[in-house]
A.B. asks: 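Pasting a structure below so you can have a look.
Please read all numbers here as calculations on a predicted model, not as lab measurements. In what follows, residues are counted from 1 in the order of the sequence shown.
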Amino acid sequence: MKRIFSVITPLLVLLQCVLLFPTCASYAQDSTKTPVDKEPPTGFIALFDGKTLDNWKGDPVYWSVENGCITGRSTAETPVPYSEYLVWQGEPVRDFTLLVDFCIVSGNSGIEYRAWKDEERNFGLNGYQADICPGDIMGILYGEALGEIIATRGQCAHFDAQGNKTIENFGDPNEIAKAIHMNGWNTYRIEARGNRFTEYINDVKTSELIDERPNAPKDGIFGLQIHPGPPMFFQFKNIFLKVIK
């Protein structure tokens, strides 16, 4: 009897956990499932139609649409020579909120914003970047031609008009990371208001910048990055933009 009880007891505890906390099991499973196609929230427009790369330009060796997702892929046979982008072809935008579902299986990517074209690189961009790379880099605020790593996860950076940089820590990077599926699906929210830029993943603030430098871009376009390095694979969908007038 004692032996039977010892087997049943942990099963009952497990059953209680599933009944009391049903989201615990589904949370991990849902993070690996491709999100459903969503309608743009009120005030937003879709930048990706879910089927084609219309209004985007990039090297077709690396960019395609698979299973309703913008897909970036490099292989050992098709390495990326330098940081390239799938470039949005819309007009430059000043203040905005951008929502993007993303999943990175391997490699290094990012979402470029307030960006401008770098004519020295094919499909090259410069600008601010919401970084996408499993580990410590996920959620940082990077700057192509604007200072490289500007704010790590949990930091608010401030550049004054003379270019002097100060850092304020608003959160523990490891605690913030608990809200992120490093190899699953997440949602980036990027907000640009004047010279303040704030990045969120799954509604948790990851990094922030106040940029008063004279060369700080006042508007720009968007791009999705594929980074040089080992073979990479990542996807994006449900890309929605709200322009703030």
Side-chain angles (χ1 to χ4, degrees), residues 43-45 47 55-58 82-100 102 108-133 136-171 173 176 187-201 203-227 236 239-245:
F44 287 75
I45 60 170
L47 301 190
N55 213 32
W56 295 83
K57 284 188 179 179
Y82 47 78
S83 183
E84 288 194 20
Y85 292 85
L86 182 69
V87 183
W88 180 63
Q89 299 300 296
E91 292 295 320
V93 175
R94 180 175 170 83
D95 292 353
F96 63 85
T97 297
L98 183 72
L99 303 174
V100 183
F102 70 93
N108 188 327
S109 183
I111 302 167
E112 203 86 351
Y113 57 96
R114 284 264 183 109
W116 67 95
K117 294 181 181 179
D118 183 342
E119 301 299 342
E120 295 184 2
R121 293 181 292 159
N122 194 30
F123 302 112
L125 289 178
N126 293 314
Y128 302 113
Q129 183 183 125
D131 225 309
I132 298 172
C133 183
D136 293 342
I137 296 177
M138 183 76 82
I140 73 169
L141 200 157
Y142 190 83
E144 291 267 9
L146 289 170
E148 298 188 347
I149 295 178
I150 295 174
T152 61
R153 197 166 58 234
Q155 288 185 341
C156 176
H158 181 194
F159 285 111
D160 66 18
Q162 289 71 45
N164 300 309
K165 179 181 175 181
T166 56
I167 291 290
E168 177 185 346
N169 296 303
F170 64 80
I176 295 171
T187 299
Y188 244 124
R189 184 170 95 247
I190 303 167
E191 297 182 351
R193 304 286 189 276
N195 61 7
R196 181 183 291 270
F197 311 93
T198 313
E199 300 176 357
Y200 303 81
I201 298 179
D203 290 325
V204 175
K205 185 164 77 169
T206 61
S207 54
E208 191 168 28
L209 167 65
I210 302 168
D211 197 344
E212 299 181 271
R213 294 175 294 179
N215 68 329
K218 303 302 185 287
D219 59 21
I221 56 177
F222 301 101
L224 306 176
Q225 182 198 43
I226 186 165
H227 201 278
F236 303 88
I239 304 176
F240 302 134
L241 171 68
K242 181 178 182 179
V243 177
I244 309 299
K245 300 294 187 180

A.B. asks: Would you find more than 12 non-hydrogen atoms of other residues, nucleotides or ligands less than 6.0 Å from K57 atom NZ?
C.D. replies: no
A.B. asks: Just verifying a value: how many Å separate I210 CD1 and C156 SG, rounded to the nearest 0.5 Å?
C.D. replies: 4.5 Å
A.B. asks: Which pairs pass side chain to side chain donor-acceptor pair (under 3.5 Å) with one or both residues in residues 136-147, sequence neighbours excluded?
C.D. replies: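 The answer is Y85-E144.
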A.B. asks: With rounding to the nearest 0.5 Å, note down the distance linking CG in D211 to NZ in K165.
C.D. replies: 10.5 Å
A.B. asks: Search all heavy atoms of E112 against all heavy atoms of G127 and return the closest pair with its distance.
C.D. replies: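 So the two residues come closest at OE2-N, 3.1 Å.
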A.B. asks: Test: salt bridge (Lys or Arg N to Asp or Glu O under 4.0 Å). Region: residues 118-127. Which pairs qualify, not counting sequence neighbours?
C.D. replies: D118-R121
A.B. asks: Answer yes or no: is there a side-chain heavy-atom contact under 4.5 Å between V243 and I45?
C.D. replies: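 Sidechains of I45 and V243: no contact.
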A.B. asks: Tell me the closest heavy-atom pair linking F170 and S207, and the distance in Å.
C.D. replies: CZ-N, 3.8 Å
A.B. asks: When you compare the side chain of F197 with that of I190, does any pair of heavy atoms fall below 4.5 Å?
C.D. replies: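 No, side chains not in contact.
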A.B. asks: Looking only at heavy atoms, what is the nearest atom pair of I167 and I150, with distance?
C.D. replies: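 Nearest pair, atom of I167 first, then I150: CD1-O, 3.9 Å.
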A.B. asks: Under the ring-ring contact (aromatic ring centres under 6.0 Å, His included) test, which residues partner F44, sequence neighbours left out?
C.D. replies: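 ring-ring contact (aromatic ring centres under 6.0 Å, His included) check on F44 returns nothing, list empty.
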A.B. asks: Which heavy atom in A161 sits nearest to a heavy atom in P214, and how many Å separate them?
C.D. replies: O-CD, 3.3 Å
A.B. asks: For F222, which residues count as a ring-ring contact (aromatic ring centres under 6.0 Å, His included) partner, sequence neighbours excluded?
C.D. replies: W88, F96
A.B. asks: Less than 3.5 Å apart, any donor N or O on the side chain of E199 or Y113 sitting next to an acceptor on the other?
C.D. replies: yes
A.B. asks: Identify, with sequence neighbours excluded, every residue that meets ring-ring contact (aromatic ring centres under 6.0 Å, His included) alongside F102.
C.D. replies: Y188
A.B. asks: Taking side-chain contact (heavy atoms from CB on, under 4.5 Å) as the test, write out the residues that go with T198, two or more places apart.
C.D. replies: R196, Y200, K205, E208
A.B. asks: For the residue pair W116 and P217, what are the closest heavy atoms and their distance?
C.D. replies: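 Closest pair (atom of W116, atom of P217, distance): CZ3-CG, 4.0 Å.
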A.B. asks: Can you give me the closest heavy-atom contact between K218 and R213, atom names plus distance?
C.D. replies: NZ-O, 4.3 Å
